[in-house]
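In what follows, chains carry the letters A, B, and so on, assigned in the order in which the sequence lines appear, proteins first and then strands, with residues in each chain numbered from 1.
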Amino acid sequence: TDNGSSGETTDGDGGNNDDTGNNGGNDSSGALTAGGSSTVYPITNKAASVWGYNPPADDKEYWPQEKYGISTDKNLADYWASKYGFEAGKDGQPPFNVSIGLSHSGVGLTKLQKGQVDIGDASAPVDAELDASKSELEKFKNHVVGVDAQPIVVSKYLYENGVKKLKADTVRKIYTGKIKKWSEVDGYTGKDMEVQAIGRSVGSGTDTSFRANMLGSGDAKMPGVDIRKGENQEVAKAVGNANNAIAYMALAFVSKDVPAIALNFDGTTYEPGKNLSDKGYPLSRDLHCYTYEGTSKKEAAFLRMILTEFGQGQFVDPAGYATLSDSRRKEELSKLPETTN
Amino acid sequence: MSEAYSQDSEIVTETGVLGQLATVPFVLALGMILLGGALLFQWVSLTTTVAGVSVATVFGGLHVVIALSLFALGALSWQGSVDTTPSPSVSSVVAFIDGSIAAVISGLVVSQTFGLGWFAWIPAALVAGVAVFVGTLLLREDIGVTVPVGIFELVFGLVVLTGVIGSGWSWTPEGFSATFPGFIAIAILGLFGGLLTAWSSAAAYRGFGARGREFGAYVLISINTAILLFILARIILFIVQKGLDPMLKGATLWPPAIPFITNGNGLQYDINGIFPAVVGTIWLVIGAICFAVPLGVGAAVYLTEYAEQGRFTSIVEIATNGLWSTPSIIFGLFGYAFLVPRLGNTPSLLAGQVVLGAMLLPLVLITSRESLQNVPDEYRDASAALGVNQWETIKSVVLPAAIPGVLTGVILGVGRIAGETAPILLILVQDPFPSEAPKVLSSFTLQATPPFVVNDALLQPASALPYQLFAVITAGVSAPESVGWATALVLLIVVMSFYVVGIAMRIYFRRKLQQ
Amino acid sequence: MVDAPSFSAVRRSVDELETPAQIAAAVGALSLVAAFTAFIAAPTYVAFPLAAFIAVVVYGWVTYQAETARALSLLTTVSTVIILGLITAYLFIQSVPVVRKMGLSIVTDTVWRTSTNRYGLLTMMWGTLVTTIIATLVSAPLGIAGAIFISELASDMVREVTKPAIELLAGIPSIVYGFIGFMVLNPYLSNELLLPTSGSLFLVGVMIGFMALPTVVSVAEDSLTAVPNSMKSGSVGLGATDWQTTKSVTLPAAISGISAAVILGVGRAVGETMAATVILGNVTRLPDPLYDVFGNTITLTSAIASQSGVAIGRPTQLSALFAAGVVLFVIVLTLSIVSQAIERRMARKLGGEQ
Amino acid sequence: MSETIKEMDSEQNSSGSQTTKGETEERIRADWVEYDFDGQPALSVEDLDVYYGDEQAIQSVSMDIPEKSVTALIGPSGCGKSTFLRCLNRMNDRIKAARVDGNIEFHGQNIYDDDVNLVELRKRIGMVFQQPNPFPKSIRDNIAYGPRKHGELDTGLLARLLGRDDSEEEEELVERCLKQAAIWDEVNDRLDDNALGLSGGQQQRLCIARCLSVEPEVILMDEPASALDPIATSKIEDLIQDLAEEYTVVIVTHSMQQAARISDQTAVFLTGGELVEYDNTDKIFENPESQRVEDYITGKFG
Amino acid sequence: MSETIKEMDSEQNSSGSQTTKGETEERIRADWVEYDFDGQPALSVEDLDVYYGDEQAIQSVSMDIPEKSVTALIGPSGCGKSTFLRCLNRMNDRIKAARVDGNIEFHGQNIYDDDVNLVELRKRIGMVFQQPNPFPKSIRDNIAYGPRKHGELDTGLLARLLGRDDSEEEEELVERCLKQAAIWDEVNDRLDDNALGLSGGQQQRLCIARCLSVEPEVILMDEPASALDPIATSKIEDLIQDLAEEYTVVIVTHSMQQAARISDQTAVFLTGGELVEYDNTDKIFENPESQRVEDYITGKFG
Ligand SMILES: Nc1ncnc2c1ncn2[C@@H]1O[C@H](COP(=O)(O)OP(=O)(O)OP(=O)(O)O)[C@@H](O)[C@H]1O
Ligand SMILES: Nc1ncnc2c1ncn2[C@@H]1O[C@H](COP(=O)(O)OP(=O)(O)OP(=O)(O)O)[C@@H](O)[C@H]1O
Ligand SMILES: [Mg+2]
Ligand SMILES: [Mg+2]
Ligand SMILES: O=P([O-])([O-])[O-]
């Protein structure tokens, strides 16, 4: 493809490439841009900031090569970029910068389609997010970088008063507006309170996958939602501030104040910290980094870093997500263009 | 002296005993207002004890003591043992307020305490309201001002003292999702009763009559303003308290360094900072000024100096005032629909500059126009009488004289746009926590194809201080709450300094003009 | 005695502008129109006509400075009008698709559903109405009282502190209010008033009322100060107290200015965005019952701010947000025009006695 | 000019004042200007100093103002005439920069005492200003304003409900005041029109009527005709002379002719706020004691 | 008052005008007031009407203004004096409501012709206003302002670089004008101070100096001393008399004494914008033809 083969010409300016001319080599405009899902953001953002920092070979904290069986004297970004023939940057700068935008999966994919970003982060598959023709969808190239076992979280008060585990059906009833009071929930022992069901913005991957995985379709109605927040972080804060809230979000944002609960699907109980990341967990979902019309070398250099054991261990796992199995990792790596050395 | 002048001692009236007596409920009322505020802010709780007495009891006691002293004031004045000048009746406004309070109280009692429906509480409220309204109207002013308030205070006091409303009490009004706990109810009764008492005892202080009413009104208005100013101070102080420490984290006096302000966000920094946003804001402001000042001042010159007052000028006036009041988010929408597709199809600094410039434009125009109009016509006449043409006059006399006003307007306007988030949400930002600031100066390049001069930094996304705060709220994975407070503090400092400079300049130049 | 011939200098050729100037003016105008067209149609090529225009201006400045200056100032004026025109035009154009789809029901429908592309604005209009009413109840009485304090009651020293302080209040950015609301007040209300959801119309209303306060205070104060002192002295000279004078002379005389102040304040409240966006739950559902101010819904502004991000991939939803913008714009423009008319009336009324 | 004044003189003395003409007392102190007159003083000013900030606008002025006569204050611009006048009913209190020292006695009481009731004082000593300043209300409301504020009239819905309606008294009061101010005939058919619609001269007479409505004893007028055309001016002048039969009138004017035409006694202030001469009006214009006053009167300056 | 005028008279006639005294020509038309004088007219006004909207402010006035003398315009307030004066250098063009009919000839050319160059006209016919109106610039810049704008002086950085620096000429010009306006001694040590720091009288003389800087032939003055104190006024009056040796001065004043003191001929306007009488100043004040003028002069009104 055009972008892929020309390698260095990819830039973030999108449609009007001739506007700013061919400037793949220089530092600012040659940046690799990604954007979209706030679920994927912790992964790509971490990777991008380490990339931008470009730690030298002896930086054990950020560039622990031996641990992953890599041996090089190159700086981190120089090393990964060199796999696709990029020269090391000046003065310890990475060969090119990576900037990660934050919005929602749908937005990231649309921007990717319009050429406004190079990589579209998404926490739901493109066909669930975009209403587009098959041929159009085929132009999106899917790279799965990790797996989110989407948790259901509740306010601390609820957690301490019996809501440590819910049946999937109860959650469904809450979000479809059939359960309005916590007293209607089995096992709840606290004072009677209304349910505050928190949702993510329509159009976010989290919302789409929750509807698809919990309610059966990405378009399913959720009349029970009481408030909607734009990003995972806001959801976490809202749940933390309340004592009657329940929410779905990304695993990375779970904390002491925003505890995840166990879910029972048809008799199987998935417990956070135990088997939530199991393959069978119905709310688990792949985290995607889409590229458009093939994968350019710049994109490949960055994605390859994330898809190696190093990236999985350094970026995906610390963010709280499940890493890819070795076989999936190999499969994903094989989708990237051949390295040039 | 002729008989027409018989009542001549009247021009002298003394603030007598009543004045001193009235200070008692007045001071207590102020105390109750403060205490009510403290309760709302949760600086004290109902169960806090002061000298062995719980705050709730203190409230009840204050109400009752106030009630008794108000009765005393009324009685003394009625009896004529002190020198007062009450009108024969209270004003209908006072009667109406008393009636409304009575209506609310009885309505609430009937509906909430006895749990009766609208068929009961509406008539009850009406009857009580009308009765108190008419009753108050029939009273002489001194009684009408003190006694009803005293009765309300007595009721409030008894309700609190007897624990009918206390820390365990709560009330969920029908149809509302809120539940009012006892401490809020008591605080509100305290504030409300305090204001009523302050007014009533202030009127008594001046012996009722016109002067009493004046003092009563002034006391209420002054308390209102004091509360406003308190809230302002509280907001600012709160942000300083919360934000100062994180802002100064790692700061050193010598060499002077505040890493939070001079660092970007990234692993290369020990302390993550908001430098890119600071720089972004600076460039936004510069760009907006470059866009708005020539346009605004030029249009102001045309409108004041050249144009004849007519349809065109009134269209422009409507347009500028319309622009001025257009919600900022609409500028953002416009920028997204119109500018972004034309400026490289990506959020960019340039788009932000133009949009903020468009927001700044009307303010610059309005204030420039005002200050051009304030340039005395004498200067123009003097110049014209010397045979100097209009443009030279404008250039050499009118504009220089108007510059202070224009400058003030620009500074205040910049203060406003520098704090705007809504318009830049869609058109400026990509990365919520950038590590590098836009390098505008070093990015100018020439090229052979149109548009010949390009500046990549201008066409790239950037960040800005107010957005940075928004990012903490929405995307704070990499930024703890304290970073938000620190950012808020920096933003406040930046915006407020524009305002302080602008307001100070305006005061200074106005004063100079008056001399 | 005066040398008569030198007086001929008093006379000057009738066709004041010689041909080169006329040509230059024409070229300048043409190139400007071309530049503007280019920016609308093909932004890349703006450079050519723009360069031509700059050349003409430079030429004009050197040779006919006065005329060029006048023309440029006219140009800036026209540009200002065009900018408002563009904003209006783009808002309307972008909202056409959804209006075409929804018809009039766009302002009567409460359903907002992306999966079926049905976008009714009624919910957010209700949210805006409720928050604006609350904001007005906060800002109008407090603001007018503040204005009376500053203009009629404060001593010089107190005024010099109070007035700037209240103006400073206008400088606190909306997002800072939002941040405080989100971080501190939302939890306070949830915990103390046991609100079932985070954020409420009440809190937003009070906050934007507070934000509108400085506008109300300073405009109302201006109009109180504009009441001629001679009028006030007339009342005081009759033995009326200052408060009677304020109530019976100053306030009635300034009433139009004060209503303008309140209307401007309302305009600010209607357009206030970030605080609402951050504090509210932004769920497109009416509060139940409708008057439940402690409930949650969405406002026109917060709908635009919270959904424009997600709507980028959905043309109809985006168009619906522009329609929300149109509604906002129409409301605010109407308010602005009404307040201007009122202020003119006040000027006329007070000018009448001079 | 001296002729003119004489002409006027014969007419003007018809009003109540019986002034001792042609005599000037010995000065008691350098800054004390004495003027002997029969009858009662309405106001006695003693040793009045007024400062605006650091600047002194009135320099220890002492004078008695006789009741039921017209006293004119003349002097060049900025000499402190208005300042002095405003002291007489403490309207200067409203100017924050102004500081007043000295005594002004009104019925034996110093109006600058701390516990003076300004409301009562200003009812008794009314004021008419240079610019006509009617309220933007109806003519009726303008006249009834003062009495209503003082609780002497009770109209409106509520009063009617309570059976305390004073509409009739109000009607009478309005008519009486407007007649006294010689404007009744011009406005009696439009009492409910806005007063701002009247001409300047009518507005000024309305303001005089308004001032009369609270039944003052003294009326202070600060250049009441300077904003008016000659015809309106002459109406106001006639009115002032009529008023002096019942009221004590103190008038500031910048027109010496006007002072000569209508006043019984004239006080001349000169720059710096000094009262240089105070005497029977004829005396001042025909044969002033002080050379400076003579220079001023004859137009050597000013 | 008549004495006063005589006193002044003897001094004032020292300046160049030789007026025919005591004679008034037959009126050619009802509204034509003729005044014969020797010497050249600097300006001849013929049949001038001025309207503000529908209101007529000047009613077909015709008069010749003799050169190198002081012509005073007097009349009651609002009679159109200022309006008439502003017509003489077309400053009335700047008032949008004003409409002017009639001819004013200056060196044989009608200044109301369409193709008159206003810049040149106003250089030749300068104007001094009632309120001193120096620019908020240094004293030097005030004086040099006119010449600089007319390109007669070229100073500043650019001029210096190009070797066209006229600083010396400027220095001379400033000195000459300030000396002519009798203010040099008071300000020569602070030419770079802001002109707004001067006293009112100094400011007014500065404005006169500024007016002289463009070398006018005629100087129009609209109540130039009315905002000033007596001492400053007398300085300005002396200056005006000096200026009349070289310039034609037309002055509006509201002080008859001032007109009597300094003018050679006086035109009396009365309400409605009529020119009622125009003659030698002595004649006007001692023995006016018209009864209305006499009434006005003797203070019967105004
Ligand atoms: N409010 C004020 N603040 C400061 N100075 C004042 C104020 N009012 C008057 N003055 C000064 O006090 C002096 C006397 O002023 P005043 O107005 O009493 O004079 P006046 O004789 O009435 O003059 P005029 O004939 O112009 O009305 C003047 O020098 C004036 O500048
Ligand atoms: N700009 C204007 N617009 C409308 N009417 C005007 C204007 N200027 C003056 N007039 C009217 O024209 C008439 C003459 O005014 P003008 O100022 O010439 O009088 P004047 O003799 O100079 O009076 P004064 O002695 O008060 O300065 C007055 O009735 C005045 O109201
Ligand atoms: Mg005065
Ligand atoms: Mg005039
Ligand atoms: O932010 P999302 O991952 O939910 O699209």
Side-chain angles (χ1 to χ4, degrees), chain B residues 175-179 181 210-211 213-214 217-218 221-222 224-225 228-229 232 295 298-299 301-303 306 316 318-323 325-330 333-334 337-338 342 358 361 365 389 391 415 419 421-422 425-426 450-452 466 469-470 473 484 488 491-492 495-496 499 503, chain C residues 39 43-45 47 66 69-70 72-74 76-77 79-81 83-84 87 90 94 142 145-146 148-149 153 162 164-165 167-169 171 173 175-176 179 182 192-196 241-244 267 271 273-274 278 289 292 294-295 301 304-305 308 322 325 328-329 332-333 336-337 340:
Chain B
F176 290 94
S177 327
T179 299
R211 295 184 336 138
R213 289 195 293 276
E214 174 177 71
Y218 280 7
I221 291 175
S222 307
N224 163 68
T225 312
L228 289 188
L229 292 178
L232 165 76
L295 279 184
V301 165
Y302 183 80
L303 290 171
Y306 292 118
V316 177
I318 290 173
T320 43
N321 284 318
L323 263 181
S325 45
T326 299
S328 51
I329 186 77
I330 286 185
L333 279 181
F334 165 71
F338 181 73
R342 289 176 174 74
L361 173 60
L365 202 163
N389 74 25
W391 167 241
T421 317
L425 277 183
L426 286 174
F452 307 113
L469 188 51
F470 183 68
I473 297 171
L491 176 61
L492 209 61
V495 173
M496 291 269 168
Y499 270 76
I503 293 172
Chain C
F39 190 68
T44 318
Y45 298 101
R70 186 185 173 128
L72 281 180
S73 72
L74 172 63
T76 53
T77 315
S79 315
T80 307
V81 180
I83 288 173
L84 183 71
I87 291 180
Y90 267 78
Q94 300 280 328
L142 298 189
I148 293 176
F149 179 85
L153 208 145
T162 319
E167 282 174 328
L168 256 187
L169 208 59
I175 186 71
V176 172
F179 192 62
F182 182 72
E192 305 305 341
L193 295 189
L194 309 180
L195 298 192
T241 58
D242 285 330
W243 173 240
Q244 285 174 326
T273 308
M274 289 325 288
V278 170
D292 181 10
F294 296 100
T301 49
I304 300 174
S308 51
F322 274 92
L328 258 184
F329 186 72
V332 170
L333 199 66
S336 150
I337 290 174
Q340 280 175 70

Visitor: Under 4.5 Å, counting heavy-atom pairs only, tell me which of B:L365, B:N389, B:L361, B:V301 racks up the most with chain C.
Guide: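 Top option by heavy-atom pairs under 4.5 Å: B:L361.
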Visitor: Report which part of B:L295 has an atom under 4.5 Å of a heavy atom belonging to chain C: side chain, backbone, both, or neither.
Guide: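 When you check distances to chain C, atoms from both the backbone and side chain of B:L295 fall under 4.5 Å.
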Visitor: Below 4.5 Å from any heavy atom of chain C, which atoms of B:L323 appear? Answer side chain, backbone, both or neither.
Guide: both
Visitor: Less than 4.5 Å to any heavy atom of chain B: does that hold for the side chain of C:F182, its backbone, both, or neither?
Guide: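 Contact with chain B involves the side chain of C:F182 alone.
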Visitor: Taking side chain as C-beta onward, heavy atoms only, is C:E167 less than 4.5 Å from B:Y499?
Guide: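 Result no, sub-4.5 Å side-chain heavy-atom pair not found.
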Visitor: Less than 4.5 Å to any heavy atom of chain C: does that hold for the side chain of B:T225, its backbone, both, or neither?
Guide: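 The side chain, not the backbone.
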Visitor: Can you say whether B:I329 sits under 4.5 Å from chain C via the side chain, the backbone, both, or neither, judging by heavy atoms?
Guide: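 Both the backbone and the side chain of B:I329 come within 4.5 Å of chain C.
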Visitor: Measure distances from B:I221 to the heavy atoms of chain C and classify the residue's part below 4.5 Å as side chain, backbone, both or neither.
Guide: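 B:I221 touches chain C through backbone and side-chain heavy atoms alike.
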Visitor: What is the minimum heavy-atom distance between B:A299 and C:T76, and which atoms define it?
Guide: N-OG1, 2.9 Å
Visitor: Among C:F179, C:F149, C:F329, who wins on heavy-atom pairs under 4.5 Å with chain B?
Guide: C:F179
Visitor: For the atom pair CG (B:L228) and CG (C:L142), what is the distance rounded to the nearest 0.5 Å?
Guide: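 Result: 5.5 Å between the selected atoms.
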Visitor: Let me know if B:S325 has heavy atoms under 4.5 Å from chain C in its side chain, its backbone, both or neither.
Guide: both
Visitor: Please look at B:N224 and chain C and tell me whether the side chain, the backbone, both or neither of the residue comes under 4.5 angstrom of a heavy atom of that chain.
Guide: side chain
Visitor: Is there a side-chain contact between B:I473 and C:I175, using heavy atoms and a 4.5 Å cut-off?
Guide: yes
Visitor: If you take all heavy atoms of C:D242 and B:E214, which pair is closest and at what distance?
Guide: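 Closest heavy-atom pair between C:D242 and B:E214: N-OE2, 2.7 Å.
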Visitor: At a heavy-atom separation under 4.5 Å, does C:L153 approach chain B through its side chain, its backbone, both, or neither?
Guide: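 Only the side chain of C:L153 comes within 4.5 Å of chain B.
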Visitor: Which atoms of C:E192 are under 4.5 Å from chain B, going by heavy atoms: the side chain, the backbone, both sets, or neither?
Guide: both
Visitor: Counting heavy-atom pairs under 4.5 Å to chain B, which of C:T162, C:T301, C:V81, C:L168 comes out on top?
Guide: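 Result: the option with the highest number of such pairs is C:L168.
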Visitor: Between C:T241, C:I304, C:L194, C:T273, which has the largest tally of heavy atom pairs under 4.5 Å with chain B?
Guide: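 Of C:T241, C:I304, C:L194, C:T273, C:T241 has the most heavy-atom pairs under 4.5 Å with chain B.
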Visitor: Shorter than 4.5 Å, heavy atoms on both sides: which option in B:P327, B:G322, B:P466 has the most such pairs with chain C?
Guide: B:P327
Visitor: So which part of B:L333 gets closer than 4.5 Å to some heavy atom of chain C, the side chain, the backbone, both or neither?
Guide: both
Visitor: For C:L193, give me all partners under side chain to side chain contact (heavy atoms under 4.5 Å, CB included), at least two apart in sequence or on another chain.
Guide: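 Per chain and number, C:L193 pairs via side chain to side chain contact (heavy atoms under 4.5 Å, CB included) with B:A178, B:F180, B:P181, B:I184, C:L189, C:L195, C:F294.
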Visitor: Quick one: what part of C:V278 sits under 4.5 Å from any heavy atom of chain B, side chain, backbone, both or neither?
Guide: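 The side chain, not the backbone.
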Visitor: Work out which heavy atom in B:V495 is nearest to a heavy atom in C:G171; give both atom names and the distance.
Guide: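 For B:V495 and C:G171, the tightest heavy-atom pair comes out as CG1-O, 2.9 Å.
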Visitor: I'd like to verify something: which residue of B:A337, B:G415, B:A488, B:S328 has the highest number of heavy-atom pairs under 4.5 Å with chain C?
Guide: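 The residue among B:A337, B:G415, B:A488, B:S328 with the greatest pair count is B:A337.
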Visitor: Can you name the nearest heavy-atom pair linking C:W243 to B:R213, along with the distance?
Guide: CD1-O, 3.9 Å
Visitor: Out of C:I337, C:L333, C:L328, C:I148, which one racks up the most heavy-atom pairs below 4.5 Å with chain B?
Guide: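 Top option by heavy-atom pairs under 4.5 Å: C:L328.
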Visitor: Taking all non-hydrogen atoms of both residues, which atom of B:I330 and which atom of C:G325 are closest, and how far apart?
Guide: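 Result for this residue pair: CD1-O, 3.3 Å.
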Visitor: Please name the pair of heavy atoms, one in B:A358 and one in C:I83, separated by the smallest distance, quoted to 0.1 Å.
Guide: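 Taking every non-hydrogen atom into account, CB-CG2, 4.2 Å.
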Visitor: What residue, out of B:F334, B:F470, B:Y302, has the most heavy-atom pairs lying under 4.5 Å from chain C?
Guide: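 Ranked by heavy-atom pairs under 4.5 Å with chain C, first place is B:Y302.
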Visitor: I'd like to know which of C:G295, C:S73, C:G271, C:S336 tops the heavy-atom pair count under 4.5 Å against chain B.
Guide: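 Top count of heavy-atom pairs under 4.5 Å with chain B: C:S73.
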